[in-house]
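In what follows, every chain begins at residue 1, and chains take the letters A, B, ... in the order their sequences are listed. What you see is a predicted model; the values in this text were computed from it and never measured.
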Amino acid sequence: MNGFSFRRFLAVLRKEWIQVRRDPFTLRMIIALPVMQLFLFGYAINADPKHLPTGLLSVDHSKYERTLVAALKNTGYYDIRPLTSEAEAERGLADGELLFVVNIPPNFDRSVDRGEQPSVLMDADATDPSAIGNATAALAGLVSALDRDVPQAILSSPARPPFQFQVHARYNPEQLTVLNIVPGLICIVLTMSTLFVTTLAITRETERGTMENLLAMPVRPIEVMLAKVVPYIAIGYAQVVLIIAIAVAVFGLPVRGSVPLLTLVLGIFIASNLALGITFSTIARNQMQAIQMAQFTLLPSFLLSGFMFPFKGMPVWAQWAGEVIPMTHALRIVRGMLLKGNGFAEIAPDLWPICVFTLVVAAVAAWSYRVTLD
Amino acid sequence: MTAAIDVRDLHKRYGERRVVDGLTLSVAEGEICGFLGANGSGKTTTIRMLCGLVKPDGGGGTCLGLDIIRDAPKIRLQIGYMTQRFSFYEDLTVSENLDFVAAVYEIPNRREAVKAIVARMGLADRTDQLAGQLSGGWKQRLALAACVLHKPKLLLLDEPTAGVDAKARREFWDLIHDMAADGLTVLVSTHYMDEAERCGRIVYLSDGKLVVQGTPEEVARNSNLVTFRAAGADLDLVARRLRGLPGVESVAVFGSALHIAGMDRAALERATESLGGILVWHEVPPQLEDVFIHLLSRPDKAAP
């Protein structure tokens, strides 16, 4: 009675599985929901984010470069900070610290003055095309930025501007919005199928009166909770496989990162949702309240995580709020792993906040679970 | 004989309301104890305290020799608790429900144990039916089967037969007596007088306090209630005239007979005489029902 009993856990697990199978409506929802959302969100959503973090790589720090950087800043789209090395630029793009890197070629001033039309390479993180779309478009107007400074001879031919921008759309070269939506959708669907159902699974027992019976039996709370969540973890993974399979087949989604690592990370993200769901279910007195609490969580997850609107485009206070939400970090990790091929080192900064969130919420759940009816 | 239940001075309050207020209760092993009282008199709360689902605010004691506060998990292994509301899974079949319970109690030879209880409870024809589709009587039988599957020593039944037809109730009580014959102790709450009369001992609660206890005969005899009975026609009209007369505490029509009861014999006789001899009255021993209606209507003057 005092220890965890695997047999009792299995008993509850078997019961839960039968109940899941016997509810055809929920089963249909599990299939229909992700597919419907994939196609609905696949083609929507846009915005005009500004002040995007941009790195500057250059060796000369010349006069024209300063003018050009000032012009970029003046568009409002770019917040520029200097970088020291190519490696720093790569790392910044991979872990999402930077959305752009401006590469000023060596001897930029001299090349311009000689009319060689040097190219300024813009590396752009295209995982979220809507985040960089307008910023990239603004570049076209900047080729005249140096007009006041360059020799008249160079300007004489309007068809030949003094320099060019060459945009290199990284990770998602065709800038398909759908490739950005899929990782977000994985996180949203996982939240729905794990947070919602765990919240309901326990309040349902309370509401139907079966909780009193369960409490009177020798089964322990930890056994009940684990057994209740395991079927939905399985369902969650099945949905992820379904979404990725469709996205690979229909939209050509690349899967560049390590699949075992992705599985592990999604497991941790699922755990954070389950912990939250159980906490809600210990607080909610009926299923209606439970649904309301779950929805209350889902809305900020949609709006503030970077799923609906580019994260860097949000005001600072909203970004801080977004940092607290597990979905924000999960979204970055999944995008990074699928599209950029990120490994553990790149995702670590987003992994620990989910872990901390999970542990804190699980502690609250354990503390608030009632072993009696008081 | 040792006591299966022995609790003293139990208290439980919800907000300002004292639901159980200094209850002392002792039930001997092998006894069938009827738990009676009006709705809200604290029966369910007491039963929940006995199996550790509700923590008492004060008092304590033992259940099967185990402390009801400290040893609640151990007590749960040895008791069967049947809740007032059907609380098994309606979307599971009869055998799936029983299999679940057997597994949770870690009963060895689960399949055999389920088969045996199904046979004993006469559920064999319904094993594959969803519990939600069973009628009230069969649901109760399933619940009872699930409660005794692990061979508990004490059965706590909270209004097990509410809303069940007479035949099913009779069969249900036959099963309870059958199990009590094997040494099982039963504490059962009920509102039905015929069920109270089938108990070895009854305990009557009012406002969370024990008011009366004893065998059904003792309770009736010690009530000091005087009961007159008359047979005749148009009894409903007579009953209307008698109600409210001084000394008449209860008036009830049973088919072609009329019962009146009260504590004051002289006042009761004056009331019958006031009718002018249209009915012939006999004194009869008080029925349990008369006693409980008397107790229900006058909880404040009840004797211990």
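- The line from OH of B:Tyr81 to CG of A:Leu215 is 10.0 Å long, rounded to the nearest 0.5 Å.
- Contacts of A:Arg14 with chain B are made by side-chain atoms alone, with heavy-atom separations under 4.5 Å and no backbone atom involved.
- Atom OG1 in B:Thr93 sits 7.0 Å away from atom CD1 in A:Ile18 (nearest 0.5 Å).
- Using a 4.0 Å cut-off between a side-chain N of Lys or Arg and a carboxylate O of Asp or Glu, A:Arg22 and B:Glu96 qualify as a salt bridge.
- Closest approach of A:Pro218 to B:Val104, counting heavy atoms only: CG-O, 3.7 Å.
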Could you tabulate the donor-acceptor pairs under 3.5 Å formed by side-chain atoms of residues 268-280 of chain A, not counting sequence neighbours?
unit_1, atom_1, unit_2, atom_2, d
A:Ser272, OG, A:Phe269, O, 2.6
A:Thr279, OG1, A:Ala275, O, 2.8
A:Thr279, OG1, A:Val361, O, 3.4

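- Looking at B:Leu130, only its side chain comes within 4.5 Å of chain A, counting heavy atoms on both sides.
- Using a 4.5 Å heavy-atom threshold, the side chains of A:Val12 and B:Phe100 count as touching.
- Along residues 107-128 of chain B, the residues that come nearer than 4.5 angstrom to chain A, judged on non-hydrogen atoms, are B:Ile107, B:Arg110 in order of number.
- Among residues two or more places apart in sequence or in another chain, the salt bridge (Lys or Arg N to Asp or Glu O under 4.0 Å) test is passed with A:Glu205 by A:Lys15, A:Lys228.
- Across B:Leu92, B:Thr83, B:Ile75, the residue that shares the most heavy-atom pairs under 4.5 angstrom with chain A is B:Leu92.
- Looking at B:Tyr105 and A:Met217, their side chains come closer than 4.5 Å, going by heavy atoms from C-beta outward.
- No donor-acceptor pair under 3.5 Å is formed between the side chain of B:Asp91 and the backbone N or O of A:Gln19.
- A distance of 4.5 Å separates OH in B:Tyr89 from OG1 in A:Thr210, rounded to the nearest 0.5 Å.
- Ion pairing of A:Glu212 with B:Arg48 is present here, as a side-chain N (NZ or NE/NH1/NH2) and a carboxylate O approach within less than 4.0 Å.
- Counting heavy-atom pairs closer than 4.5 Å to chain A, the top residue among B:Gln84, B:His150, B:Arg85, B:Met82 is B:Arg85.
- Closest of all the heavy-atom pairs between A:Ala11 and B:Ala103 is CB-CB, 3.2 Å.
- The shortest distance between side-chain heavy atoms of B:Glu106 and A:Ser5 falls below 4.5 Å.
- For A:Leu10, no part sits under 4.5 Å from any heavy atom of chain B, backbone or side chain.
- The side chain to side chain contact (heavy atoms under 4.5 Å, CB included) search around B:Ser26 returns B:Ala3, B:Asp6, not counting sequence neighbours.
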